[in-house]
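Remarks on the structure that follows.
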2 protein chains.
Amino acid sequence: MRYHKVPDETIRRLPVYLRGLCSFPNNGSHSISSQQLADILHVKSPQVRKDLSYFGDIGTPGVGYDIQKLTKHIRAILQLNNVHCAALVGYGNLGAALLKYTGFGTFCIEINTVFEKDPRKIGRVVRNIKIEEVSKISSLSKRGISIAILAIPAAESQDVTDKLVNAGVGGILNFTSSYLSVPANVKVINIDIGVSLACLPYYLPVGA
Amino acid sequence: MRYHKVPDETIRRLPVYLRGLCSFPNNGSHSISSQQLADILHVKSPQVRKDLSYFGDIGTPGVGYDIQKLTKHIRAILQLNNVHCAALVGYGNLGAALLKYTGFGTFCIEINTVFEKDPRKIGRVVRNIKIEEVSKISSLSKRGISIAILAIPAAESQDVTDKLVNAGVGGILNFTSSYLSVPANVKVINIDIGVSLACLPYYLPVGA
DNA sequence: GAAACTCTGTGAACGAGAACTCAATCACGG
DNA sequence: CCGTGATTGAGTTCTCGTTCACAGAGTTTC
């Protein structure tokens, strides 16, 4: 199931819609209108309709969207119907926090593999996961893991990325501050905490 | 120093430029061309020129941009010339990781205040910072802190945000999954780790 | 000192995404 | 069974940001 040409921005909003649907109070009604959904998520209602219309006729005019059906549909689009296992590379401060992070469950994503360079950490067991050395990344393809989370120092990021790509990883969530060069069929999503924070002072009133 | 109308996207790239300049090998030359800068950061060279041109004539035709001068200039634009203190709200997994995070130093931002709800953590000292209770947020204005990092459960986010805004905070880095409602003069930057991760499966080859 | 070369700054074209608008569709009540 | 009200889906417009192309300024070379 692959769709024509959907804006990345739309894809990015789908998980937000999903979360909105989960939190929608089940007050008897089976359906929700684009306006209601828009209000919850603080976007405009035409935006919601347009986003959803990329994937065929999901709603029914005069009524709205069937909540359960819509939820299932979005999960199907995002390929979140079956659990995805993800590998975490780097068990430093951030890595440890991510492993304990509970916000992935809603989206059926579960970190079940951890790699680390530091020999002192290798072998330790956290949350039933044994920390492995980075050279074991090559075994990911055999384990059917195609998503990786990169939380290591910038200097090693390209090196590890190459290993991940070779192991068949198709999606990388990059917390590193460096640009990752990957083949076209691999998707990288960057989260640069430093840059985001550095933008804030610009918006402060002058002299603050 | 406030400039006409600069795209948010441009502002977001400035810290990246800054980092690129820092890592540029000091090989005798004092200047760098838009092309060189573009190559390092994997953007197009007209993009670099346009971004920088919003802030007046910084470069010299035929030569390029004086590295030191440009660095200073970007820091001035972003208001990063003097150190900014930031308050961290929430000392959970993520909060603890952020406090230890070293990536903020490049941008002259330093977390020097920590608030937490859990009474067992209040009073503890980490990195010379004493963890305070959330009710002390109101004292931020007196301390001249106008940037906050929000790393708490979604349920309490709006509550704490209101407290922050009342205390004169003008910029919030929001790791919470919820939308924050703030007055127009307060800037919120959202980092939603769950959503970013949830997007990845969409891009995987079907059936992976 | 002039010509050739390099690189910036900017106006204009282009493209993507968001907001608007309205016709078509469906449920429901009389 | 038909009219009324509600809401979707899509075509259009608008806004924002990126890319392009070129004029002009500075530097180097002969």
Side-chain angles (χ1 to χ4, degrees), chain A residues 3-14 16-17 20-21 24 27-71 73-74 77 179 195 199 202-203, chain B residues 3-17 20-21 24 28-71 73-74 77 179 190 195 199 202:
Chain A
Y3 303 95
H4 192 51
K5 177 53 196 168
V6 183
D8 277 5
E9 299 299 318
T10 294
I11 300 302
R12 192 174 172 76
R13 274 188 296 270
L14 290 183
V16 183
Y17 294 164
L21 286 169
F24 188 67
N27 54 358
S29 171
H30 290 226
S31 57
I32 185 173
S33 72
S34 61
Q35 185 62 57
Q36 289 175 298
L37 199 49
D39 287 346
I40 299 177
L41 305 166
H42 299 89
V43 294
K44 296 275 164 37
S45 69
Q47 178 88 82
V48 174
R49 289 201 297 278
K50 174 130 277 187
D51 282 344
L52 297 178
S53 73
Y54 282 112
F55 309 101
D57 296 13
I58 308 179
T60 48
V63 180
Y65 301 91
D66 183 284
I67 295 176
Q68 207 169 354
K69 210 169 114 191
L70 179 57
T71 306
H73 205 112
I74 295 181
I77 295 165
Y179 173 87
V195 164
C199 291
Y202 172 81
Y203 296 98
Chain B
Y3 304 94
H4 191 52
K5 177 53 196 168
V6 183
D8 276 4
E9 299 298 318
T10 294
I11 300 302
R12 192 174 173 76
R13 275 188 295 269
L14 290 182
V16 183
Y17 293 164
L21 287 169
F24 188 66
S29 171
H30 290 224
S31 56
I32 185 173
S33 71
S34 60
Q35 185 62 59
Q36 290 174 298
L37 199 48
D39 287 346
I40 298 176
L41 305 167
H42 299 89
V43 294
K44 297 270 164 44
S45 70
Q47 179 89 79
V48 174
R49 289 202 297 279
K50 173 130 276 199
D51 282 344
L52 297 178
S53 76
Y54 282 112
F55 309 100
D57 296 13
I58 308 179
T60 49
V63 180
Y65 300 90
D66 183 282
I67 294 175
Q68 206 169 356
K69 209 168 114 192
L70 180 56
T71 306
H73 205 111
I74 295 180
I77 295 165
Y179 172 87
N190 298 296
V195 165
C199 290
Y202 172 81

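Side-chain atoms are counted along with the backbone in the values below, which use heavy atoms only and exclude waters and symmetry mates. Here is the naming used below: chain letters follow the sequence lines, and residue numbers restart at 1 for every chain.
Counting non-hydrogen atoms under 4.0 angstrom, Ser34(A) reaches the backbone sugars and phosphates but no base. No contact: Arg12(A) has no heavy atom under 4.0 Å from any strand.
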Inset, instruction - Could you walk me through whether Asp51(B) and Tyr17(B) pass side chain to side chain contact (heavy atoms under 4.5 Å, CB included), step by step? - result: CA-CA 10 Å; Asp51(B) 282 344; Tyr17(B) 293 164; 2.6 Å; yes

Inset, instruction - Using the side chain to side chain contact (heavy atoms under 4.5 Å, CB included) rule, take Val16(B) and Val43(B) through it: C-alpha gap first, then chi angles, then the decisive distance, then the call. - result: CA-CA 11 Å; Val16(B) 183; Val43(B) 294; over 6 Å; no

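Note that the first and last nucleotides of DNA chain C, 5' to 3', having any atom under 4.0 angstrom from a heavy atom of chain B are dT6(C) to dA12(C). Close approach of DNA chain D to chain B, defined as any atom under 4.0 Å from a non-hydrogen atom of the protein, starts and stops at dG17(D) to dT27(D).
Counting heavy atoms from C-beta outward, Leu41(A) and Val48(A) have side chains that stay 4.5 Å or more apart. Ile77(B) has its side chain within reach of Tyr202(A): a pair of non-hydrogen atoms, C-beta onward, lies under 4.5 Å apart. Contact annotation: the side chain of Gln36(B) approaches that of Phe24(B) to within less than 4.5 Å [non-hydrogen atoms, C-beta and beyond]. Within the 4.5 Å cutoff, no side-chain heavy atoms of Ile40(A) are placed close to those of Leu21(A). With a 4.5 Å cut-off on side-chain heavy atoms, Ile11(A) and Tyr54(A) do not count as touching.
Residues Tyr65(B) and Pro61(A) both approach DNA chain C. Their nearest nucleotides, taken by heavy-atom distance, put Tyr65(B) toward the 5′ side.
Near DNA chain D, meaning a heavy atom under 4.0 Å away, the residues from residues 44-52 of chain A are Arg49(A), Lys50(A).
For the atom pair CZ of Arg49(B) and NZ of Lys44(B), the computed distance is 12.5 Å after rounding to the nearest 0.5 Å. Going from atom CZ of Arg13(A) over to atom CG of Leu52(A) covers 10.0 Å, rounded to the nearest 0.5 Å. Between the CZ atom in Arg12(A) and the SG atom in Cys199(B) there is a gap of 5.5 Å [rounded to 0.5 Å].
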